[in-house]
There are 2 protein chains.
Amino acid sequence: MEPIARRKTTKEIVYDQLKRSILSGELDPNQMMTETSLAESLHISRTPVREAVGDLTKEGLLIHIPRKGFKVRRIDEDDMEQILYLRISIEMRSVKMLIDHITDEELKKLDALIDEQQIAIQNNDRIRYIELDQILHRHLLKLSNQNILEQILQELYNLTRLIGHAAISKEGRMEEVIQEHREIVNALRERDEEKAADLMRHHLLTTASSVKKQREQLKNNKEKSDSLGGL
Amino acid sequence: MEPIARRKTTKEIVYDQLKRSILSGELDPNQMMTETSLAESLHISRTPVREAVGDLTKEGLLIHIPRKGFKVRRIDEDDMEQILYLRISIEMRSVKMLIDHITDEELKKLDALIDEQQIAIQNNDRIRYIELDQILHRHLLKLSNQNILEQILQELYNLTRLIGHAAISKEGRMEEVIQEHREIVNALRERDEEKAADLMRHHLLTTASSVKKQREQLKNNKEKSDSLGGL
DNA sequence: GCACTGTATTATGTATACAGTATAAGTGAG
DNA sequence: CTCACTTATACTGTATACATAATACAGTGC
């Protein structure tokens, strides 16, 4: 039988909700929050809040400023470089480890995920698009049976998402991503290890460079509007 | 004036002490402990204990078995492979990133660390030897200014140490390590990027294979004594 | 007006109490 | 003796209360 889904603890609810707010970008990185303020606004005690923010801090999504509170971490160009580098290392290995024993059924599951991602784009649902991207990449790690790498990738992926939805889901780039995903899966289907690994590297590199460009774009726009607003 | 060192919180003390016990191998991986039992034996309340074991669990040093308690995680061959792979990725990049701007002073600091490590071997102080190994590798990451990679390496390093002191500080291997460390630092001094990165890779690979051999050795010995004890 | 000091507020760490639930222990019937 | 059912024990999650220390603030004296 399926294991019964244990009902979520308060801590988990807080954790999920907070993480969502952080990663979706709806939480202003300048705004400070404290354990107490969060607990009060959620009408619960400090205990589960404290544990949730503690975990998020350890994951690097929040930073704690003693006696001031917590705020959302910022990611800079340099951090992104490092994350990209490691993701390439991890995901290329993942591809190589899974290619020999991936089944047809599992390949179909991957196809289905990409299909769903395409639908998300058509519906203009960027949140879902990003969610599915993560599911897809993570799923590959699972299939490769590299538990430790999977854990590290998860951390890196969360940090990646601090970059902001706007920078990730750039117009036009999303369609390209779908295409690249399909090519990777096709290479897996052909059992072409070299090709698959290479496509993965390429996919991550182009995503990174797209994010970088889009980020600069957004930054410029923001500066322009800021200076206008100052007049 | 020197800033006063903030006194450690109870949680930090518990965390440090527990971590030490885990990494030094003095904590039997079969033995279960609970928040309550730990709190009682330390004569403190559950709260700081709970936070400390929570953190250690997130770091992967402890595993939590619901309704049973916590125990020290075991690392298998497969995990070691993954850790090694990632450490090579990270530390080769580290070498490449720091080689252009490392100063003579910093090189001397590295020499001093290796000297100290050599003294530890002469004093047969394996704990200190391992500690210094970690400091050295971590120091290289700091010098390379790769904060995220440094954080990940720290996690990996902790997991590495779960392998056990006996397997890491094998007789004879320690002297080789010193030699390899010196060669890496010398390559840095010569600003030979290729050589330094390659020596680092080699160093990690030979360490891993030594650990693997030693581990099998220990396992065999244990089985022999177990079967004898069973008579 | 400025600096210093004492006070108030607030963030945080820790202790304690309690409730819920899963496992283990115990008890009784077949 | 075994199985089912009840009871008890213990692990965990959460709330609450309190102590401590750091910051903000205000008032007083120069």
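In the text below, chain A, chain B and the rest are named by the order of the sequence lines, each starting its count at 1.
Ranking D:dT14, D:dG13, C:dT12 by closeness to the B:Glu35 side chain, first place goes to D:dG13. For A:Arg46, counting side-chain heavy atoms from C-beta on, the closest listed nucleotide (C:dG13, D:dA24, D:dT14) is C:dG13. Side-chain atoms of B:Thr34 lie closest to D:dT12 of the nucleotides D:dA24, C:dA11, D:dT12. With C:dT23, C:dA15, D:dA21 as the candidates, the nucleotide lying closest to the side chain of B:Arg7 is D:dA21. Of the listed nucleotides (C:dT14, D:dT14, D:dT23), C:dT14 has the atom at the smallest distance from the side chain of B:Thr47. The nucleotide whose nearest atom lies closest to any side-chain atom of B:Arg67 is, among C:dT12, D:dA15, C:dT21, C:dT21. Among the nucleotides C:dA15, D:dT14, C:dT23, the one closest to the side chain of A:Ser45 is D:dT14.
Proximity of A:Arg50 to the phosphate of C:dG13: a side-chain N or O atom is located under 4.0 Å from OP1 or OP2. Taking only side-chain nitrogens and oxygens, A:His64 never comes nearer than 4.0 Å to OP1 or OP2 of C:dA11. The phosphate of C:dG13 (OP1 or OP2) has no side-chain N or O of B:Thr10 nearer than 4.0 angstrom. Dashed line: the shortest gap from a side-chain N or O of B:Lys68 to OP1 or OP2 of C:dA24 is under 4.0 Å.
For B:Leu38 and D:dC11, the CG to P distance is 11 Å, given to the nearest whole Å. Put simply, CD1 on B:Ile65 is 16 Å from C1' on D:dA10, counting in whole angstrom units. The separation between A:Lys8 atom NZ and D:dT14 atom C1' is 18 Å, rounded to whole Å. Here the P atom of nucleotide C:dA11 and the NZ atom of A:Lys71 are 15 Å apart, to the nearest Å. Residue B:Phe70 contributes atom CZ, which lies 11 Å from atom P of D:dC11 at whole-angstrom precision. Atom NE2 in B:His43 sits about 17 Å away from atom P in C:dT14, given to the nearest Å. We find that CD1 of A:Ile13 is positioned 12 Å from C1' of D:dG13, with the value rounded to whole Å. If you measure from atom OH of B:Tyr15 to atom C1' of C:dT14, you get 20 Å, rounded to the nearest angstrom.
Within the 4.0 angstrom heavy-atom criterion, base atoms lie near A:Thr36. Residue-level contact check: A:Thr9 touches the backbone only, with heavy atoms under 4.0 Å from sugar-phosphate atoms and none from bases.
Looking only at side-chain heavy atoms (C-beta outward), B:Arg73 and B:Leu61 stay at 4.5 Å or farther from each other. At a threshold of 4.5 Å between non-hydrogen side-chain atoms, the residues A:Asp16 and A:Lys8 count as touching.
Within 6.0 Å of the CD atom in B:Glu216, the count of heavy atoms belonging to other residues, nucleotides or ligands exceeds 12.
Between A:Pro66 and A:Lys11, the residue whose closest nucleotide on DNA chain D is further toward the 5' end is A:Lys11.
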ask   = Would B:Leu110 and B:His181 satisfy side-chain contact (heavy atoms from CB on, under 4.5 Å), going step by step from the backbone distance to the final call?
value = CA-CA 9 Å; B:Leu110 293 173; B:His181 282 165; over 6 Å; no

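Geometrically, B:Arg138 does not engage B:Tyr157 in a cation-pi contact, judged by NZ or CZ lying under 6.0 Å from the ring centre and within 45° of the ring axis.
Judged purely by atom type and a 3.5 angstrom limit, A:Ser94 has no side-chain atom pairing as donor or acceptor with the backbone of A:Ile90.
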